[in-house]
There are 2 protein chains.
Amino acid sequence: MDGVPIDEIDRIILHLLQEDARRNTNAEISRQVSVSASTVGKRIARLEKEGILKGYRPEIDYERAGFPLQVLFVCTAPIAAREALATETLGVEGVLNVRELMTGEKNVHIQAVGASNEDITRIAHKLDEIGYSVADEILLRNEYSQPSVQFRPTTDGK
Amino acid sequence: MDGVPIDEIDRIILHLLQEDARRNTNAEISRQVSVSASTVGKRIARLEKEGILKGYRPEIDYERAGFPLQVLFVCTAPIAAREALATETLGVEGVLNVRELMTGEKNVHIQAVGASNEDITRIAHKLDEIGYSVADEILLRNEYSQPSVQFRPTTDGK
DNA sequence: GCTGAAAGCCCAAGGTT
DNA sequence: AACCTTGGGCTTTCAGC
């Protein structure tokens, strides 16, 4: 499954995809790395097959897109049901992201967006219905994501 | 800046980009919506210019990519410095994501990955150095993201 | 495992309605 | 605004190394 850890070339490919996964074409990447475009394509296919690359998503400014309310629900879920719940949670309209924490009583963080308070209330009810206990409901002020994590493991990648 | 709110066609474009921002080309999108490929391209350019589309990122399984440790740092930052800090935080190697909360004393959540405990310790020190008070450090068990949020605002998109 | 070439497909620009 | 055309560029596949 993950016999080959990923080498220097893979790391550069991942890095360039992180910068712009839509515009950085195989051909463009091949120019910044000393392999051909078809090799870049094959390596990306391999990274996808191994589950390292799981998809390509646009980053959206939800506020400007008509969803001004961003909320973080801090929840408690029975440990046993946690994984099953997480999947179901993504089915709730407005939910963007679910994080399961290893420790602590409040062990699940759910990020959601809505166009109005009505939406947020509906989501909260839904979460309760699914089986969460919603401990806290915090408005998000801003979110920043890393455009480009450095791909240089301390184990120097051998 | 955001005079035109975004119509039904824009919403379908965003939806298809959310499913696969790399493979769903303008031409492919034009087939699923009754406009030409060049119109799709121009609408995407407009959405980018208005800041609704902010980038295209690969979703990476960091664990398989050699970063088995995922941590959530729950921090407190002086309200005034919060925004400036957030930007600086993204510069710390290993940091993936920063969320600013509107309320509560622990007002910033920072998500980071590392190859070893050493990395995590280094990040924690760095956050402290930058000016955060790190209140909690929780191992993340799993994270799920929404592949595709339904783009239908309750205001029915006029 | 990588390369290179060819066929088919895609994109961006400019002109038209 | 949206459309069409078109030249240049891209992706994919496959033979060959």
Side-chain angles (χ1 to χ4, degrees), chain A residues 1-60 64-66 148 151 153 156-158, chain B residues 1-60 64-66 148 151-153 155-158:
Chain A
M1 184 65 83
D2 49 76
V4 190
I6 86 180
D7 64 10
E8 184 61 23
I9 293 175
D10 290 327
R11 246 174 274 130
I12 299 176
I13 290 173
L14 289 172
H15 181 87
L16 292 171
L17 286 176
Q18 280 183 318
E19 287 185 345
D20 190 335
R22 191 171 165 86
R23 303 279 151 71
N24 276 336
T25 62
N26 296 352
E28 179 62 31
I29 292 169
S30 81
R31 269 172 229 122
Q32 311 206 30
V33 119
S34 46
V35 294
S36 70
S38 61
T39 297
V40 172
K42 279 180 193 164
R43 277 175 176 258
I44 289 178
R46 183 178 67 86
L47 291 168
E48 289 172 348
K49 207 182 61 191
E50 287 182 358
I52 291 173
L53 276 171
K54 294 193 294 181
Y56 307 92
R57 304 264 145 73
E59 196 180 343
I60 292 176
R64 296 191 199 204
S148 179
F151 266 98
D156 95 341
K158 163 48 228 309
Chain B
M1 181 68 81
D2 50 75
V4 189
I6 85 178
D7 64 10
E8 183 62 22
I9 292 174
D10 290 327
R11 246 173 274 131
I12 298 175
I13 291 172
L14 290 173
H15 180 87
L16 291 171
L17 287 176
Q18 281 183 317
E19 286 185 346
D20 190 335
R22 190 170 165 87
R23 304 278 151 72
N24 275 336
T25 62
N26 296 352
E28 180 60 33
I29 292 169
S30 81
R31 270 172 228 122
Q32 310 205 30
V33 116
S34 45
V35 295
S36 71
S38 63
T39 298
V40 172
K42 281 177 189 165
R43 277 175 177 259
I44 288 177
R46 184 178 64 86
L47 291 169
E48 289 172 349
K49 207 182 61 193
E50 287 182 359
I52 292 174
L53 277 172
K54 294 192 292 181
Y56 308 92
R57 302 273 156 71
E59 195 179 342
I60 292 175
R64 297 190 197 203
S148 177
F151 266 98
R152 358 183 189 108
T155 56
D156 96 338
K158 164 48 235 304

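Note on naming: letters A, B, ... go to the chains in the order of the sequence lines (proteins, then strands), and numbering restarts at 1 for each one.
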Quick check: do [X] and [Y] have side-chain heavy atoms less than 4.5 Å from each other?
X: K42(B); Y: V35(B); result: no
X: L53(B); Y: L14(B); result: yes
X: I44(A); Y: R22(B); result: yes
X: I60(A); Y: L17(B); result: no

Options dA12(C), dC10(C), dT3(C), nucleotide nearest the side-chain atoms of T39(A)
dT3(C)
Verdict with reasoning, I6(B) to L47(B), per side chain to side chain contact (heavy atoms under 4.5 Å, CB included):
CA-CA 9 Å; I6(B) 85 178; L47(B) 291 169; 4.1 Å; yes
Answer yes or no: is there a donor N or O on one side and an acceptor on the other, between the side chain of R57(A) and the main chain of E59(B), under 3.5 Å?
no
Just how far, in rounded Å, is C1' of dG1(C) from CG of L47(A)?
15 Å
OP1 or OP2 of dC10(D) less than 4.0 angstrom from a side-chain nitrogen or oxygen of R22(A), does that happen here?
no
Please state whether the phosphate of dG1(C), meaning OP1 or OP2, lies under 4.0 angstrom from any side-chain nitrogen or oxygen of R43(A).
no
Would you classify R23(B) as touching base, sugar-phosphate or nothing, given that sugar-phosphate means primed atoms plus P, OP1 and OP2, and contacts are heavy atoms under 4.0 Å?
nothing
Toward the 5' end of DNA chain C, by each residue's nearest nucleotide, N24(B) or I9(A):
I9(A)
Pull out every protein N or O sitting under 3.5 Å from an N or O of nucleotides 4-6 of chain C, one pair per line with the distance.
residue: dG4(C); atom: O6; partner: S38(A); partner atom: OG; Å: 3.1

